[in-house]
Asks: 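One structure follows; several queries about it will come next.
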Amino acid sequence: MTTEIDATVAAAVESDITAMLRTMLAEDGLDDAEISRETTFHDDLELESIDLVTLAGSLREHYGDQVNLALFIADLELDEIIALTVGELVDYVAASLHTAGQV
Amino acid sequence: MAKIRTGEITTHVQRLPAAKAPADGGETPVVVFVHGLLTDSLASYYFTLGPAFAAAGIDVIMYDLRGHGRSDRPATGYRLESFVGDLVGVLDALGETRRVHVVGNSFGGTIATAFAAWHPDRVATVTMIESEPPVAEWTRHMADGLSDAKTQLAREEVIGWISANHGAHTARLSRGASRILATTTLAEEVPAGRVIDDGLDALDGCPVLAIFGDESGLSAQVPELEAKLMSCRTVVLTEQGHSVLVERTEETQDLILRWVREHTLAEAVR
């Protein structure tokens, strides 16, 4: 059961994050970019670190304080940040929600 | 995300509140982080020192310099006094009445020092990471460096060389830097602003922590800073170039956290 719930949560989170990214990319005129779990923020979407600050704000607004992108990224090395994928972020958010007992 | 009106522009500000109250019941210290020129933004702190400082019980303020990150990029208005004016504007808009610990990386350290010299009553301490104070010599370094960057980064073959030797990430940052230089008077105005006297008397009474890498030319200032400043601590990290904040994040964090704690205690005793 838990696995099924986790999969549902992950799918919902992926859909939320994809929507947030589409909004951000639309501001740069890049709304047709393909976004999947394997998509990297840096190379595929050409987002800069300041864009991740904006995303951190959207995530916090949407999910509350238990989703703290600043803390998550502060633990990563620079090359890991550059290689960060949408799927890794989705998993982090889903895990944070799970830990916080919201699901 | 907060946008704050500072002078003729809008400045992007991010805050991380202290995660705990001071154990001694005293005032919560506040740190303002100031980033560097061209390839930089508040993200350099948001994903590094910011969360750690908030966790340590410090109120954290980060903002994007004019022309950078999510702050406005006016075509003109890039003298040092405008950058310092934005910092004052941010603190005023946030209603900040505490003395602040200002931490600046590279050009951000120059802004921090100018802020301390021109607004001594608002500053608790200054930390410069790989920075020079805004003296006449600094303006000459900046004029040469920025003029060179403006010419070189506008050349496609230079960007190609950067991409081949330093990777696509650095090449993209360099293109971003070139855009600021091409569309604003930053390169001409930064070195043309107000300076402080060579003797650094304007910093009398302000505790200064200066961190350098030994492989960067800037560490040559150490004897002069120690001779001229009344209250100064210098730290030189070995086998390290200019990118101290990125490459030696943990040591930098520990040094500044200890520095802020020491001066918060000193303030409480006074």
Side-chain angles (χ1 to χ4, degrees), chain A residues 16-17 19-21 23-30 33 39-86 88-89 92-93 95-96 99-100, chain B residues 1-3 11-17 19 33 35-36 38-56 60 62-65 67-73 163 166-177 179-180 243-250 252-253:
Chain A
D16 290 343
I17 289 178
M20 289 174 198
L21 289 170
T23 310
M24 285 173 59
L25 291 166
E27 286 167 16
D28 298 330
L30 297 166
T39 304
T40 61
F41 292 96
H42 190 266
D43 283 345
D44 294 337
L45 300 179
E46 301 207 356
L47 293 178
E48 296 170 21
S49 48
I50 193 68
D51 298 312
L52 292 181
V53 174
T54 306
L55 184 61
S58 306
L59 290 171
R60 187 170 283 213
E61 213 169 275
H62 193 86
Y63 296 109
D65 285 347
Q66 70 266 26
V67 176
N68 190 329
L69 187 61
L71 273 183
F72 174 60
I73 290 189
D75 282 340
L76 303 178
E77 297 294 329
L78 185 61
D79 51 348
E80 292 174 317
I81 298 172
I82 291 173
L84 187 70
T85 64
V86 170
E88 285 169 324
L89 180 64
Y92 161 72
V93 171
S96 303
T99 309
Chain B
M1 179 165 76
K3 293 283 181 94
T11 293
H12 170 215
V13 180
Q14 292 279 343
R15 301 163 83 180
L16 297 173
F33 288 114
H35 68 77
L38 299 180
T39 53
D40 216 353
S41 74
L42 68 78
S44 297
Y45 294 111
Y46 191 90
F47 295 117
T48 57
L49 306 191
F53 275 60
V60 173
M62 299 163 281
Y63 70 102
D64 281 327
L65 296 181
H68 298 69
R70 293 279 172 272
S71 289
D72 283 352
R73 181 175 295 175
S163 182
H166 297 281
H169 176 64
T170 310
R172 194 182 303 155
L173 290 176
S174 304
R175 276 187 211 283
R179 272 195 297 276
I180 304 181
S243 301
V244 165
L245 182 61
V246 175
E247 292 168 8
R248 303 288 278 270
T249 308
E250 275 184 41
T252 306
Q253 181 175 304

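We name chains A, B, ... by the order of the sequence lines, and we start the count at 1 in each one. Quantities reported herein were computed from a predicted structural model and do not represent experimental measurements. No hydrogens, no waters, no symmetry mates; every other heavy atom, side chains included, goes into these values.
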Asks: What part of A:Ile73 gets closer than 4.5 Å to chain B, counting heavy atoms only: side chain, backbone, both or neither?
Replies: both
Asks: Are A:Leu69 and B:Tyr46 packed together at the side-chain level, in the sense that at least one heavy-atom pair is separated by less than 4.5 angstrom?
Replies: no
Asks: At a heavy-atom separation under 4.5 Å, does A:Asp75 approach chain B through its side chain, its backbone, both, or neither?
Replies: neither
Asks: State the OG1-CD distance between A:Thr54 and B:Gln14, to the nearest 0.5 angstrom.
Replies: 7.5 Å
Asks: Any side-chain heavy atom of B:His12 within less than 4.5 Å of one from A:Ile50?
Replies: yes
Asks: May I ask you to name which of A:Asn68, A:Asp51, A:Leu76 has the most heavy-atom pairs under 4.5 Å with chain B?
Replies: A:Asp51
Asks: Identify the heavy atoms of B:Pro51 and A:Leu71 that sit nearest to each other, and give their distance.
Replies: CB-CD2, 3.6 Å
Asks: For A:Leu52, is it the side chain, the backbone, both or neither that has a heavy atom under 4.5 Å from a heavy atom of chain B?
Replies: both
Asks: So, do A:Asp43 and B:Arg172 sit near enough that their side-chain heavy atoms are less than 4.5 Å apart?
Replies: yes
